[in-house]
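Worksheet: one structure, shown below.
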Amino acid sequence: MPELPEVETVRRALERRVLGRVITDYEVGRPAFNRPIPAEALRGLKGSRITAVHRRGKYLLLHLSQGGRLVCHLGMSGSISFSGDEGHVRFRFTAGGVTVRIHDPRRFGRVGCRLPELGPEPLSPAFRPDSLFSALSGRRAPVKALLLDQAVVAGVGNIYATEALYRAGIRPDRPARRVTRAEAGRLCREIKLVLRRAIRAGGTTLNDQAFKDPEGRPGRFALMTAVYGRETGACGHALKATARPIAGRTSLYCPRCQA
DNA sequence: TTAAATTCCTGTAAGC
DNA sequence: TGCTTACAGGAATTTA
């Protein structure tokens, strides 16, 4: 599933291929996403030059010369490709002769021009131990539910929340207000570390399908996870799932290393 | 105010 | 072998 490292991998590929190019054509898939693409997002798209390719959390932002922008979210099954597979194309555009296709079998993705309120970028200096600690303090919800909340920190999903909590030694179902200041500091550092590593690996590709970068290459981080998608943790202990899912996600942890 | 549940959707895998 | 069922999850929305 595309989380921050996967989206960043896509962003870099888009930057290489379409930055500075003029959009000559676009087409909305039938059916498109669950939510229709607002007319506002498509207005003036043809003839616009792509002046910047940015990322905010899990959102991709294509800034356009005519002042607007295209905001894309890949949902959980979305991917972008420059060539090959034509299946489940929900939106496509051509810029400078390069065709960019957004595929999304489950149609959870979105294209528009609005960005919701998001928490700090986890890799920026704005995401600090003390700010994470204050976001957690007083909250009864499980700490993992808050990491998945995009208003607390932008871009973290199930894979990287699971990994960071394991590395920080914190059980995912611990009430957030029971996380100490020191632990919040460790958690903050581990989130940054795991995201940086995953970006370097080109993201996480589970199984054979799942995520591929726009050139069709799988990410290599699945081979490096300590917990996610495993039965035994990197510590060598058997992993357990929490009694109930957290924020609707199955949550693995090590009963011996995480408290 | 916060938190939990529900909704969207379909490819994959497990079970009978 | 072939069918049915459960499961996966990001974020918006609804309910408690």
Side-chain angles (χ1 to χ4, degrees), chain A residues 1-8 10 29-38 55-61 71-81 85-91 102-119 121-122 134-165 172-179 191 195 198 203-212 218-219 221-222 225 227-231 239 241-252:
Chain A
M1 308 95 233
E3 301 181 28
L4 187 151
E6 291 75 33
V7 178
E8 177 62 20
V10 171
R30 280 189 299 268
F33 303 98
N34 289 338
R35 299 182 125 67
I37 300 175
R55 179 191 56 71
R56 179 81 172 91
K58 303 173 193 172
Y59 291 81
L60 276 171
L61 297 97
V71 177
C72 309
H73 193 292
L74 296 174
M76 55 171 291
S77 59
S79 66
I80 285 182
S81 76
D85 179 25
E86 285 290 332
H88 302 122
V89 174
R90 307 302 175 192
F91 184 69
I102 305 182
H103 309 261
D104 189 358
R106 286 171 228 185
R107 299 170 56 210
F108 281 16
R110 236 165 322 143
V111 169
C113 39
R114 293 182 192 287
L115 198 61
E117 289 294 319
L118 295 170
E121 276 298 314
S134 49
L136 300 180
S137 58
R139 304 287 299 263
R140 291 159 192 268
V143 53
K144 186 179 171 189
L146 294 184
L147 295 185
L148 296 174
D149 182 346
Q150 302 300 297
V152 170
V153 52
V156 175
N158 199 24
I159 297 174
Y160 302 109
T162 298
E163 292 294 313
L165 285 164
D173 54 358
R174 171 126 54 109
R177 58 180 179 169
R178 302 284 176 236
V179 174
I191 288 170
L195 291 175
T204 299
T205 301
L206 295 163
N207 312 321
D208 290 334
Q209 319 69 19
F211 170 77
K212 298 265 172 52
F221 191 76
T225 61
V227 213
Y228 192 91
R230 301 188 179 275
E231 289 180 2
L239 299 174
T242 53
R244 39 179 102 216
I246 298 169
R249 318 294 195 287
T250 47
S251 298
L252 286 178

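A, B, ... follow the sequence lines: proteins, then strands. Residue 1 opens every chain.
Here the closest non-hydrogen pair linking A:D104 and A:L74 is OD2-O, 4.1 Å.
A:N34 places a side-chain N or O within donor-acceptor distance of the main-chain N or O of A:R107, the cut-off being under 3.5 Å. Put simply, the side chain of A:E3 never gets that close to the backbone of A:V156: no donor and acceptor are under 3.5 Å apart.
Among the protein residues, A:Y59 comes within range of the sugar-phosphate backbone only, with heavy atoms under 4.0 Å from sugar or phosphate atoms but none that close to a base. Using a 4.0 Å heavy-atom cutoff across all strands shown, A:S77 reaches no nucleic acid atom at all.
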Between the protein and nucleotides 14-16 of chain C, list the N/O to N/O atom pairs that are separated by less than 3.5 angstrom.
none

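A donor N or O paired with an acceptor N or O is not found under 3.5 Å between the base of C:dA12 and the side-chain atoms of A:R35.
Remark: P of B:dA4 and CG of A:D173 are 11 Å apart, rounded to the nearest angstrom. Per the geometry, CG belonging to A:L148 stands 13 Å off P belonging to B:dA3, to the nearest Å. Remark: C1' of B:dA5 and CD1 of A:I246 are 15 Å apart, rounded to the nearest angstrom. Summarising the geometry, the separation between CD on A:E6 and C1' on C:dG10 is reported as 13 Å, rounded to the nearest angstrom. As a whole-Å value, the separation of A:L147 CG from C:dG10 C1' is 15 Å. Whole-Å rounding puts the A:N34 CG to B:dT7 P distance at 14 Å. Spacing between atom OH of A:Y160 and atom P of C:dG9 amounts to 14 Å, rounded to whole angstrom units. Distance CG (A:L115) to C1' (C:dA11): 13 Å, rounded to an integer number of Å.
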Side-chain donor/acceptor pairs under 3.5 Å, residues 242-250 of chain A, sequence neighbours excluded:
residue, atom, partner, partner atom, Å
A:T242, OG1, A:R244, O, 2.8
A:R249, NH1, A:A247, O, 2.2

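Within the structure, every side-chain polar atom (N or O) of A:H73 is placed at least 4.0 Å from both OP1 and OP2 of C:dG10. A close approach under 4.0 Å does not occur between any side-chain nitrogen or oxygen of A:R244 and OP1 or OP2 of B:dA4. Taking only side-chain nitrogens and oxygens, A:R106 never comes nearer than 4.0 Å to OP1 or OP2 of B:dC8. Distances shorter than 4.0 Å separate some side-chain N or O of A:H88 from OP1 or OP2 on B:dG11. Using a 4.0 Å cut-off, some side-chain N or O of A:R249 falls inside it from OP1 or OP2 of C:dG10.
Note that the CZ atom of A:R35 and the NE2 atom of A:H73 stand 12.0 Å from one another [nearest 0.5 Å]. The CZ atom of A:R140 sits 13.0 Å away from atom CG of A:L146, with the distance rounded to the nearest 0.5 Å. The CZ atom of A:R110 sits 4.5 Å away from the OH atom of A:Y59 when rounded to the nearest 0.5 Å.
Of the candidate nucleotides B:dT2, C:dG10, B:dG11, C:dG10 has the atom lying nearest to any side-chain atom of A:M76. Ranking B:dA3, B:dC9, C:dG10 by closeness to the A:N158 side chain, first place goes to C:dG10. Set against B:dA4, C:dG9, C:dA11, the side chain of A:T250 has C:dG9 as its closest nucleotide. With B:dA3, B:dC9, C:dA11 as the choices, the nucleotide that has an atom nearest any side-chain atom of A:Q150 turns out to be C:dA11.
Helix-axis bend for the helix from B:dT2-C:dA16 to B:dC16-C:dG2: the local axis fitted to the five terminal pairs at one end deviates from that at the other end by 60°, rounded to 10°.
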- Item | From CA spacing to verdict: salt bridge (charged side-chain N to carboxylate O under 4.0 Å, His left out), A:R55, A:E121 | CA-CA 10 Å; A:R55 179 191 56 71; A:E121 276 298 314; 3.0 Å; yes
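A side-chain donor-acceptor contact under 3.5 Å links A:S251 and A:K144.
Within a 6.0 Å radius of CZ in A:R114, other residues, nucleotides and ligands contribute 12 heavy atoms or fewer.
Residues A:Y160 and A:L147 form no side-chain contact, since every pair of their non-hydrogen atoms from C-beta on lies 4.5 Å or further apart.
Put simply, A:F108 does not rest on the base of C:dA11: the two rings are not both less than 5.5 Å apart at their centres and under 30° in tilt.
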